[in-house]
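In this chain, numbering begins with 1 at the start of the sequence shown.
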Amino acid sequence: MTRAYSSFLNPMIRTRRDLTSPLPQRRRSAMSSQDESAMDDWSKQEVAIRTEDKQQQLHDELNPKRHCVHQFFRLIKALTIFCATNMGVGQLIGIAYEVVDPIQYVLRIYVILLALLVVLNELEWTKYTKDSTLLKIWITRGIMYAFVGVLGLEENATSPARQNGSDSSSSLALSYLSIVAWLMVACGCLYTLFGLFCLQLLYDKLRREYAQKVDRAKETARTTGLYGGDNVGLVEGGVAATTENVV
């Protein structure tokens, strides 16, 4: 009876053992190889992503960029320099080729000197313009710039070439100088308006942040050994040699 019962149970036990037994060795080896290959591919992809991220981070750090608001303020500065330069050159040409009375002559000299002062102030090339409270504060700076523009408009309106009638080329030149003078007035009004809304504080903050980025870029360049020397030639020429006059 016991043998018969055992013979009846043995096939069932073997079947259950087969169902619960591990996968065959070849299948397990194939799956292990696939898993290892997938893990290797995933690791390589992860390393590649990390390397790309580090390279991009290094590139961004070596090439600091200004904020868009900072770029806008620099555009206003560039426009102001352009207007002042054209006004000064126009007055010089007028003195050289026009016969004016002594008062007009003196006024034109004043306009030339003021235009030169505007350019020096915007470029921050002299200690006088940097330390001048009148030129440093945007409210008073804007008033002075607008005054220079008004002087240019007055000199343009009282020009002998305009009063006596002139050819088309002279008329075109006078119209161009008039537009430049109006642009100078507009730049002065913008400076005054920005000063009233305390945007000069924002501009100074953006300048300091950009100067710090430049310093970090130089330090990173020296640390990584990508570039040498004190005048760090960063990628794309995005960083100046010093940060004292970063605008």
Side-chain angles (χ1 to χ4, degrees), residues 60-91 107 109-156 177-220 231-232 234 236-247:
D60 294 339
E61 192 168 352
L62 290 174
N63 296 273
K65 296 181 180 179
R66 294 178 175 87
H67 193 274
C68 58
V69 179
H70 192 184
Q71 294 281 14
F72 172 73
F73 287 138
R74 284 171 54 83
L75 178 63
I76 299 298
K77 293 173 73 70
L79 180 61
T80 304
I81 294 172
F82 171 79
C83 294
T85 303
N86 280 269
M87 284 184 62
V89 172
Q91 296 300 324
L107 286 176
I109 294 296
Y110 270 115
V111 173
I112 293 172
L113 294 177
L114 289 174
L116 178 61
L117 182 63
V118 169
V119 173
L120 293 176
N121 183 49
E122 291 299 318
L123 294 176
E124 300 182 4
W125 278 357
T126 62
K127 189 175 184 302
Y128 168 73
T129 56
K130 288 182 181 179
D131 298 337
S132 174
T133 305
L134 177 67
L135 299 175
K136 184 185 298 184
I137 299 176
W138 280 10
I139 297 176
T140 54
R141 179 192 294 188
I143 293 173
M144 195 200 84
Y145 287 1
F147 174 70
V148 175
V150 170
L151 281 180
L153 290 172
E154 176 64 22
E155 289 301 311
N156 187 275
L177 291 176
S178 178
I179 293 173
V180 169
W182 275 113
L183 286 175
M184 175 62 74
V185 174
C187 290
C189 293
L190 282 176
Y191 267 115
T192 302
L193 187 64
F194 292 161
L196 290 174
F197 283 96
C198 300
L199 293 182
Q200 186 175 4
L201 299 176
L202 174 62
Y203 174 69
D204 293 338
K205 178 177 177 291
L206 293 174
R207 284 186 62 179
R208 288 193 300 270
E209 290 178 352
Y210 179 71
Q212 292 172 359
K213 290 180 181 179
V214 172
D215 291 336
R216 285 197 299 268
K218 292 181 179 182
E219 185 62 28
T220 301
N231 297 333
V232 181
L234 298 179
E236 299 177 1
V239 178
T242 60
T243 58
E244 295 179 357
N245 295 323
V246 173
V247 295

R207 versus E124, closest heavy-atom pair with distance: NH1-OE2, 3.0 Å

V150: partners by side chain to side chain contact (heavy atoms under 4.5 Å, CB included), with sequence neighbours left out: V185

Separation between CG of L113 and OH of Y110, rounded to the nearest 0.5 Å: 8.5 Å

Test item: T80 and I76 side chains (from C-beta on) under 4.5 Å apart, heavy atoms: yes

Ring center gap for F194 and F73 short of 6.0 angstrom: yes

Value rounded to 0.5 Å, distance of CG in L114 from CG in N121: 11.5 Å

T140: partners by side-chain hydrogen bond (donor to acceptor under 3.5 Å, both in side chains), with sequence neighbours left out: none

Nearest heavy-atom neighbours spanning K213 and K65: NZ-O, 3.5 Å

L151 CG to N156 CG distance, which is reported to the nearest 0.5 Å: 12.5 Å

Residues forming a side chain to side chain contact (heavy atoms under 4.5 Å, CB included) with L201, sequence neighbours excluded: C198

Sequence neighbours excluded, every pair satisfying side chain to side chain donor-acceptor pair (under 3.5 Å) that has a member inside residues 178-187: none

Y210 side chain reached by V214 side chain, heavy atoms, under 4.5 Å: yes

Residue pair A84 / A115: nearest heavy atoms and the distance that separates them: O-CB, 3.3 Å

With sequence neighbours excluded, residues passing salt bridge (charged side-chain N to carboxylate O under 4.0 Å, His left out) with D131: K127

Heavy-atom donor-acceptor pair, N86 side chain to F82 backbone, under 3.5 Å: yes

Gap separating the SG atom of C68 from the CG atom of L206, nearest 0.5 angstrom: 9.0 Å

Residue pairs, two or more places apart or on separate chains, that pass salt bridge (charged side-chain N to carboxylate O under 4.0 Å, His left out) and touch residues 146-155: R108-E155

By side chain to side chain contact (heavy atoms under 4.5 Å, CB included) - contacts of L193 (at least two apart): F197

All pairs passing salt bridge (charged side-chain N to carboxylate O under 4.0 Å, His left out) where residues 80-89 contributes a residue, at least two apart: none

Interatomic distance, M144 atom CE to L134 atom CG [nearest 0.5 angstrom]: 6.5 Å

Set of residues satisfying salt bridge (charged side-chain N to carboxylate O under 4.0 Å, His left out) with respect to K205, sequence neighbours excluded: E209

Contacts of C83 that satisfy side chain to side chain contact (heavy atoms under 4.5 Å, CB included) - sequence neighbours left out: L79, V180, L183, M184

Closest non-hydrogen atom pair between G152 and M87, with its separation: CA-CE, 3.7 Å

L120 versus T129, closest heavy-atom pair with distance: O-OG1, 3.8 Å

Shortest non-hydrogen separation from G88 to I112 and the atoms involved: O-CG1, 3.9 Å

Sequence neighbours excluded - salt bridge (charged side-chain N to carboxylate O under 4.0 Å, His left out) pairs with any residue from residues 182-199: none

From CG (L123) to NZ (K77), nearest 0.5 Å: 7.5 Å

Any pair counted as side chain to side chain donor-acceptor pair (under 3.5 Å), so long as it reaches residues 190-200, sequence neighbours left out: E122-Y191

Y145 vs L190 side-chain heavy atoms within contact, under 4.5 Å: no

